[in-house]
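One structure is given here, and the rest of the page talks about it.
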Number of protein chains: 2
Amino acid sequence: MEGITIRPASEQDCGRILALIRELAAYEHMEQDVTATEDILRASIFQRHMAGVFVAEADEQVIGYALYCHNFSTFLGRENLYLEDLYVTPAWRGHGIGTGLICRVARQAVEEGCQRLDWVCLDWNQPSRDFYEKLGAHAMPWWVGYRAEGEALQELAGISRERSEE
Amino acid sequence: MEGITIRPASEQDCGRILALIRELAAYEHMEQDVTATEDILRASIFQRHMAGVFVAEADEQVIGYALYCHNFSTFLGRENLYLEDLYVTPAWRGHGIGTGLICRVARQAVEEGCQRLDWVCLDWNQPSRDFYEKLGAHAMPWWVGYRAEGEALQELAGISRERSEE
């Protein structure tokens, strides 16, 4: 990884990080779902500290990022790290930058005393799945993700308010 | 839900919450994986604020709980809620307590300005999957979970340390 630096992101990186988030969304055929702005990212990451980000830099340009947050294991009774995104812009692939980024997040996990680093991968993304398994991670295909959002979430919240007023 | 109260947990509930975590682990055939203690839970939840908990109480006994933490969506640019555990002790099922707890967490999500509430479910747990779908949640079976833990995590962290010393 000569000439490539991996470092914690700073507020000034938010514009480039957002551009890379959009690239990732396009790869996942989900461009229309990106509503983040630079200001929203800055507030969440650098003011509310809801996520941490490492960036990869080459030729004074941010070319990849890994964004993580904390999750919680009740069995362990404490937080672990959860890798939300790992992305390297296509022109810079094949230089071990993805490995460098995920290993940096793993080091953060160990430094924080976490016992696990978790993430998810799209089931059709075989190159990424192979990459993760080579790194020693194991798949947990017995878990199915669920989501309540939009009207469904508002309705559930409304049921709770009604019950508390009974 | 006459005679049943849903309220935020207090530090004094940690013993009962741990007992219910152990019950849940037994149901998932994972009892041996519970290493949490009351002190560990107390520190994570009430000192480091890494999770929030609502409990259901009847006859002055905590009989169920919902534990959530924050996750992060880079597409939205901000945090959402993630429901880690939802559990009601078997003797008290069929009273709508699970619904009451998940709706309380949904209300928390809405009050915090979150757009999503996410969670996972074991694929063989059809009663729970039916329950979630009735509530308006949708499954995301195209995501596969990955985990690096133990020696694999330490090795990844070690690769990062070696590279940074180059």
Side-chain angles (χ1 to χ4, degrees), chain A residues 1 21 25 33-37 40-41 44 50-51 67 69-72 74-79 82 84-85 100 102-104 106-107 109-110 115-123 132 135-149 152-157 159-161 163, chain B residues 1 21 25 33-37 40-41 44 50-51 67 69-72 74-79 82 84-85 100 102-104 106-107 109-110 115-123 132 135-149 152-157 159-161 163:
Chain A
M1 295 220 306
I21 289 170
D33 292 339
V34 179
T35 56
T37 65
I40 291 174
L41 276 181
S44 310
M50 298 308 301
L67 184 143
C69 59
H70 291 93
N71 63 8
F72 196 89
T74 47
F75 290 6
L76 303 177
R78 55 161 294 149
E79 66 275 20
Y82 181 85
E84 173 64 23
D85 280 357
I102 198 170
C103 289
R104 187 63 190 82
R107 184 173 142 203
V110 169
Q115 296 176 42
R116 297 174 180 167
L117 173 61
D118 292 338
W119 64 94
V120 295
C121 183
L122 285 164
D123 57 2
Y132 295 141
L135 290 176
H138 60 90
M140 300 180 292
W142 49 86
W143 289 111
V144 181
Y146 276 86
R147 173 168 292 167
E149 61 186 333
L153 184 63
Q154 293 290 340
E155 263 184 49
L156 293 181
I159 292 170
S160 172
R161 278 189 295 265
R163 285 189 177 192
Chain B
M1 295 217 305
I21 289 170
D33 292 338
V34 178
T35 56
T37 65
I40 291 173
L41 277 181
S44 309
M50 298 309 300
L67 183 144
C69 59
H70 292 92
N71 64 6
F72 196 89
T74 48
F75 291 4
L76 303 178
R78 55 161 295 150
E79 66 275 19
Y82 181 85
E84 173 64 24
D85 280 358
I102 197 169
C103 289
R104 187 63 191 81
R107 185 173 141 202
V110 169
Q115 296 175 41
R116 296 174 180 167
L117 172 62
D118 292 338
W119 63 94
V120 295
C121 182
L122 286 164
D123 57 2
Y132 296 141
L135 290 176
H138 60 91
M140 301 180 292
W142 49 85
W143 289 112
V144 181
Y146 276 86
R147 174 168 292 169
E149 62 186 333
L153 184 64
Q154 293 290 340
E155 263 183 48
L156 294 181
I159 292 171
S160 172
R161 277 189 295 266
R163 285 188 177 193

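Letters A, B, ... are given to chains in the order of the sequence lines, protein chains preceding strands, and every chain is numbered from 1.
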**Request:** Go through A/Arg107, A/Gln115, A/Arg104 and name the one with the most non-hydrogen pairs under 4.5 angstrom from chain B.
**Result:** A/Arg107
**Among A/His70, A/Glu155, A/Met140, residue most engaged with chain B (heavy-atom pairs, under 4.5 Å)** = A/Met140
**Request:** Check A/Cys103 against B/Ser160 and note the closest heavy-atom contact, atom names and distance.
**Result:**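 For A/Cys103 versus B/Ser160, the nearest heavy atoms are O-CB, 3.3 Å.
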**Request:** Considering non-hydrogen atoms only, spot the tightest contact between B/Ile40 and B/Thr35 and give its length.
**Result:** CD1-O, 4.1 Å
At a heavy-atom distance under 4.5 Å, which candidate from [options] has the highest pair count against chain A?
options: B/Ile102, B/Leu122, B/Thr37, B/Val110; answer: B/Leu122
options: B/Gly77, B/Gly100, B/Gly136, B/Ala51; answer: B/Gly77
options: B/Ala106, B/Ala109, B/Pro141; answer: B/Ala106
options: B/Leu135, B/Leu76, B/Thr74; answer: B/Thr74
options: B/Ala152, B/Ala25, B/Ala139; answer: B/Ala139
options: B/Gln154, B/His138, B/Arg78; answer: B/His138

**Asked** Taking only residues two or more places apart in sequence, or in another chain, which ones meet A/Glu84 in a side-chain hydrogen bond (donor to acceptor under 3.5 Å, both in side chains)?
**Response**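 If we apply the side-chain hydrogen bond (donor to acceptor under 3.5 Å, both in side chains) test to A/Glu84, skipping adjacent residues, there are no hits.
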**Request:** Go through the structure and list residues passing side-chain hydrogen bond (donor to acceptor under 3.5 Å, both in side chains) with A/Asp118, not counting sequence neighbours.
**Result:** A/Asn71, B/Arg147
Tell me, side chain or backbone of [X] under 4.5 Å from chain B's heavy atoms, or both, or neither?
X: A/Asp85; value: side chain
X: A/Leu67; value: side chain
X: A/Cys69; value: side chain

**Prompt:** Which atoms of B/Leu153 come close to chain A, meaning under 4.5 Å heavy atom to heavy atom: side chain ones, backbone ones, both, or neither?
**Reply:** both
**Prompt:** Do B/Val144 and A/Trp142 come close enough that some side-chain heavy atom pair is under 4.5 Å?
**Reply:** no
**Audit row: A/Cys121, B/Trp143, side-chain contact (heavy atoms from CB on, under 4.5 Å) steps and yes/no** = CA-CA 6 Å; A/Cys121 183; B/Trp143 289 112; 5.6 Å; no
**Item:** Plane angle bin for B/Tyr146 and A/Tyr132 - parallel if under 30°, tilted between 30 and 60°, otherwise perpendicular
**Value:**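 Rings of A/Tyr132 and B/Tyr146: tilted, 30 to 60°.
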**Request:** Go through B/Ile21 and B/Leu41 one step at a time and tell me if the side-chain contact (heavy atoms from CB on, under 4.5 Å) criterion holds.
**Result:** CA-CA 11 Å; B/Ile21 289 170; B/Leu41 277 181; 3.9 Å; yes
